[in-house]
Number of protein chains: 2
Amino acid sequence: MLSIGDLSKRTGVKVPTIRYYEQMGLIAAAERSEGNQRRYERSDLERLAFIRHARNLGLDIPAIRELIALSQHPSEPCANADRIAADHLAAVREKIERLRKLEHELERIVSQCDGGHSIEDCYVIRALSDHGLCESEH
Amino acid sequence: MLSIGDLSKRTGVKVPTIRYYEQMGLIAAAERSEGNQRRYERSDLERLAFIRHARNLGLDIPAIRELIALSQHPSEPCANADRIAADHLAAVREKIERLRKLEHELERIVSQCDGGHSIEDCYVIRALSDHGLCESEH
DNA sequence: GATAATTGCTACAGTCACTAGAGCTTCAAG
DNA sequence: CTTGAAGCTCTAGTGACTGTAGCAATTATC
């Protein structure tokens, strides 16, 4: 039986975050000791590792909840799990695309300004004031 | 003199967002009509366009506040403006890096699962359960 | 000029995934 | 048996808005 602190140390998930996941319904409400403290088993360790891993990959809590629900029906088809991951991948790719454009624009703006003159002539400020100086929409 | 709705239509910034920017000190509190409604001038249009442009580039509100303050001292050196933009560019690049790694890992996970079998054998679920199946740390 | 539709006002709650703090109780070690 | 660490609940704060409620003012139509 592990205390919440033990579970935290073993999974790298902070104590308040574990309680938060319980509140969000990602992990079952733990058994309690006589003094009302949470006591965990090995299976909670695995569950929490699953959650942490999914969060590290950027999945949000509803998606994780759904994946957990799915994982509890081993004989069901896995199309839904596949879809969740694929949708997330698509979202990640969109974010990258968007950030790439920003990177481009910022690169261009920064490269025209070496910080060695006055605000009056500063390309950073001018570019922000006048969208016409931009190459792409954003 | 423009109403807040006019200003909104002309800049593409939503009405509540304009009020929010006022509250955050990005735009001066507007003059009011007899009936206590905000009335704006041409200069507010420009200011708001500046803010919107900076937000579109991903700059946060404290950064924008600083840029606005800088822009009001035209003869000061522009090193600070340059630094804000360069720092932001660096942050964008870091985000892209991180998302690239996620993309890679998700790609790998998704490609091993065609959605045509059962949860039991689902690579998406297995990969989330077992970090050892991952190629990189995350 | 009356009425109706739109727009505006303030203030507060909600978003997401936590994180921090207050004020208290329980536990483990010496 | 005492002390300090760890645990408990509850509330509020993060960032940049967005949505809602309940009004007041303005504009358009008749």
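Since this is a predicted model, take the numbers as computed values, not measurements. Proteins get letters first, then strands, A, B, ... in listed order; numbering begins at 1 in each. We use all heavy atoms of the structure for the numbers below, so side chains are in, but hydrogens, waters and symmetry mates are not.
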Checklist entry - Can you tell me how far P of D:dA5 sits from CD of A:Q37, to the nearest Å? => result 16 Å
Item to check | Residue that, paired with B:S71, satisfies side-chain contact (heavy atoms from CB on, under 4.5 Å) out of A:I125, A:L128, A:V124 | outcome: A:I125
Next on the checklist: Tell me whether A:M1 shares a hydrophobic cluster with A:L48, the cluster being built from Ile, Leu, Val, Met, Phe, Trp, Tyr side chains joined at under 4.5 Å.
Outcome noted: no
Item to check | Presence of B:R38 side-chain N/O under 4.0 Å of C:dG8 phosphate oxygens OP1/OP2 | outcome: no
Checklist outcome for this item: Within residues 15-28 of chain B, the residues having a heavy atom closer than 4.0 Å to DNA chain D are B:T17, B:Y20, B:Y21
Item to check | Identified side-chain hydrogen bond (donor to acceptor under 3.5 Å, both in side chains) partner of B:Y123 from the options B:R108, B:Q112, B:H117 | outcome: B:R108
Next on the checklist: I need the CG-P distance between A:N36 and D:dC8, as an integer number of Å.
Outcome noted: 8 Å
Next on the checklist: Any side-chain N or O of B:S3 below 4.0 angstrom from OP1/OP2 of D:dT26?
Outcome noted: no
Checklist entry - To the nearest Å, how far apart are B:I64 CD1 and D:dG15 C1'? => result 12 Å
Item to check | Closest contact, heavy atoms only, A:V110 versus B:D82 | outcome: O-OD1, 4.1 Å
Next on the checklist: Any salt bridge linking B:E22 with B:R19? Criterion: basic side-chain nitrogen under 4.0 Å from a carboxylate oxygen.
Outcome noted: no
Item to check | Whole-Å gap separating P (C:dT19) and NZ (A:K14) | outcome: 4 Å
Checklist outcome for this item: From CD1 of A:I61 across to P of C:dA17 the rounded distance in Å is 5 Å
Item to check | Those residues that, when tested against A:R83, pass salt bridge (Lys or Arg N to Asp or Glu O under 4.0 Å) (two or more places apart) | outcome: A:E66, A:D87
Item to check | Spacing of A:E31 atom CD relative to D:dC8 atom C1', expressed in whole Å | outcome: 18 Å
Next on the checklist: Using whole Å, what does the distance between atom P of nucleotide C:dC18 and atom CG of A:L48 come to?
Outcome noted: 11 Å
Checklist entry - Is the shortest side-chain N to carboxylate O distance from B:E107 to A:R93 below 4.0 Å? => result yes
Checklist entry - Can you check the A:I4 CD1 to D:dT9 P distance for me, whole Å? => result 9 Å
Item to check | Given DNA chain D, 5'-ward residue of the pair A:R32 and B:E34, judged by closest heavy atom | outcome: A:R32
Checklist entry - B:G35 or A:L59: which one's nearest nucleotide on DNA chain C is closer to the 5' end? => result B:G35
